[in-house]
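Single-structure report; data block below.
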Amino acid sequence: MSIPTHLQIMLPLLKLYSDNNIHHRTDFIDKISDHFNLTDDERKQKVNSGWTRISDRVDWAITFLKSAKLVESPKRGYTKITRRGKELLKTGVESLDLNKIKELYPDVMETAFWNPELRTSTNATATNINNENYTPDEHLAQIVEQKKLTIYAEIEDQIKRISPKAFEKLVVKLLIAMGYGTEEFSQVTQYSNDGGIDGIIQADKLGFRKIYVQAKRYLSNNVGRTELQNFVGAMGKVHEGIFITTSKFNSNALEYIRDISQKVILIDINKLVELMHEYNQGVSVRDNIEIKGIDGDYFDELES
């Protein structure tokens with residue numbers, strides 16, 4: 001089966017607490033994975049934080065159980081079942097979700113975790129804890145990814161709107177932003193007679209090492225073998241080149257580039273957009289959001 005959501009994990013997790021022992025969060029990861037018969041690949045799947053997805057969801061399941069006072073923390077990093085949790089299990093409950101918790105324990109709505117309207121900050125962003133498919137961290141990551149994909153589409157649209165000459169300049173500026181050459185020692189060749197070379201990147205200030213650049217602004221056709229052959233021929237004795245296009249490379253082009261002695265990097269529209277975004281070319285940072293987590297060492301130091 002697929003990896004269970006944090007809400008699906010809550011009830012089997014609560015049952016594991018019924019041994020009345022104090023547990024560290026890591027005690028449950030393998031047991032929950034076994035309970036849901038996860039495959040090796042599912043157990044290794046990771047989220048942006050670097051944690052495995054199942055460990056992240058177990059952690060959030062614990063958070064939700066704590067917020068409902070079904071488990072509690074006797075010390076940092078450890079939890080145990082509460083009287084409320086024991087009493088719930090005695091009822092023989094067969095399923096547990098957010099609505100069930102709110103029905104059984106209306107007092108949860110007196111906390112900001114369950115009722116974001118209680119937060120006093122006008123700038124606070126309410127977390128939708130009713131999203132049953134994703135943890136808040138996963139939901140936030142999805143929002144960020146969705147925004148990035150939207151920007152990708154806008155970058156691609158802008159690239160395809162500019163003139164071929166402007167596209168050549170864009171390519172050189174991007175490569176300089178990536179650390180290849182400088183404004184002073186890089187150039188765009190004459191537009192009317194470039195001989196298959198649109199840009200020259202001087203990798204060192206004295207010009208001992210050059211990287212030739214070809215920028216093809218195609219709106220429909222893919223780049224084929226002939227275009228690459230012309231570019232490689234124009235490179236002469238220069239051994240490094242970059243061919244960038246607003247379209248894609250067809251199979252003949254990809255096959256040809258594998259068999260030549262020169263090192264030629266191919267960048268299609270998808271890779272180009274990613275690089276533009278990564279190196280802040282044509283985009284700018286609009287906002288910074290701080291995501292904070294508990295600093296356990298801070299509280300430990302207070303006790304020392």
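What you are looking at is a predicted structure, and each value in this text was computed from that prediction instead of being measured. Note: hydrogens, waters and symmetry copies are ignored here, and every other heavy atom, side chains too, is used.
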Beyond-backbone contact of I162 with Q158, side-chain heavy atoms, under 4.5 angstrom: no
Separation between NE2 of H277 and OH of Y152, rounded to the nearest 0.5 Å: 5.5 Å
Heavy-atom pair with the smallest gap, counting every atom of E72 and P74: O-CD, 3.3 Å
Which atom of Y279 lies closest to which atom of A177, heavy atoms considered: CD2-O, 3.7 Å
All pairs passing salt bridge (charged side-chain N to carboxylate O under 4.0 Å, His left out) where residues 8-34 contributes a residue, at least two apart: R25-D59, D34-R43
Spatial distance of atom CD1 (I54) from atom CZ (F36) [nearest 0.5 Å]: 7.5 Å
Closest non-hydrogen atom pair between S247 and N222, with its separation: OG-CA, 3.8 Å
In one Ile/Leu/Val/Met/Phe/Trp/Tyr side-chain cluster, 4.5 Å: W51, L38: no
Path from I244 to M178 over hydrophobic side-chain contacts below 4.5 Å: yes
same_hphob_cluster(L70, I22) at 4.5 Å side-chain heavy-atom cutoff: no
I62 side, atom CD1; M10 side, atom CE - distance, nearest 0.5 Å: 12.5 Å
Side-chain touch I242/V171, heavy atoms, less than 4.5 angstrom: no
Main-chain N/O of Q45 paired with T52 side-chain donor or acceptor, under 3.5 Å: no
Salt bridge flag under 4.0 Å for residues D107 and K102: no
T246 side chain vs K160 backbone, donor-acceptor pair below 3.5 Å: no
Residue pair K69 / Y105, side-chain heavy-atom distance below 4.5 Å: no
Side chain to side chain contact (heavy atoms under 4.5 Å, CB included) assessment of V223 paired with N250: CA-CA 6 Å; V223 175; N250 65 28; over 6 Å; no
Short side-chain to backbone donor-acceptor contact, E42 and T39, under 3.5 Å: yes
Point-to-point distance, once rounded to the nearest 0.5 Å, from CD of E274 to CG of N270: 7.0 Å
Distance in Å, I32 CD1 paired with Q8 CD, rounded so as to fall on 0.5 Å steps: 11.5 Å
Shared hydrophobic cluster, I211 / L275 (ILVMFWY, side-chain heavy atoms < 4.5 Å): yes
Residue pair K66 / S73, side-chain donor-acceptor N/O under 3.5 Å: yes
Heavy-atom check, side chain of V264 versus side chain of M235, under 4.5 Å: yes
Joint hydrophobic cluster, I260 plus L254, side-chain heavy atoms closer than 4.5 Å: yes
Side chains of V71 and F64 in contact at under 4.5 Å (non-hydrogen atoms): no
Taking every non-hydrogen atom, the tightest pair across V58 and L13: O-CD2, 4.1 Å
NZ/K44: more than 12 non-hydrogen atoms of other groups inside 6.0 Å: no
Distance, nearest 0.5 Å, that separates OG1 of T5 from CG of D97: 10.0 Å
Pair I267-F243, side chain to side chain contact (heavy atoms under 4.5 Å, CB included): steps then yes or no: CA-CA 6 Å; I267 299 177; F243 197 114; over 6 Å; no
Stepwise ring-ring contact (aromatic ring centres under 6.0 Å, His included) check, F231 with Y212: CA-CA 9 Å; F231 175 56; Y212 280 180; 7.6 Å; no
Heavy-atom check, side chain of K46 versus side chain of D56, under 4.5 Å: no
Six-ring centre of Y78, K75 cation under 6.0 angstrom, axis tolerance 45°: yes
Ring geometry between F28 and H23 (parallel below 30°, tilted from 30 to 60°, perpendicular above 60°): tilted
For P12 against H35, the heavy-atom pair lying closest together: CB-NE2, 3.7 Å
Side chain E156, main chain A153, donor-acceptor under 3.5 Å: no
Closest non-hydrogen atom pair between V93 and S95, with its separation: CG2-O, 3.0 Å
Verdict with supporting geometry, I81 and L14, side chain to side chain contact (heavy atoms under 4.5 Å, CB included): CA-CA 7 Å; I81 196 168; L14 186 61; 3.9 Å; yes
Verdict with reasoning, L98 to W114, per side chain to side chain contact (heavy atoms under 4.5 Å, CB included): CA-CA 9 Å; L98 301 184; W114 289 81; 3.6 Å; yes
Any side-chain heavy-atom pair of T245 and E227 under 4.5 Å: no
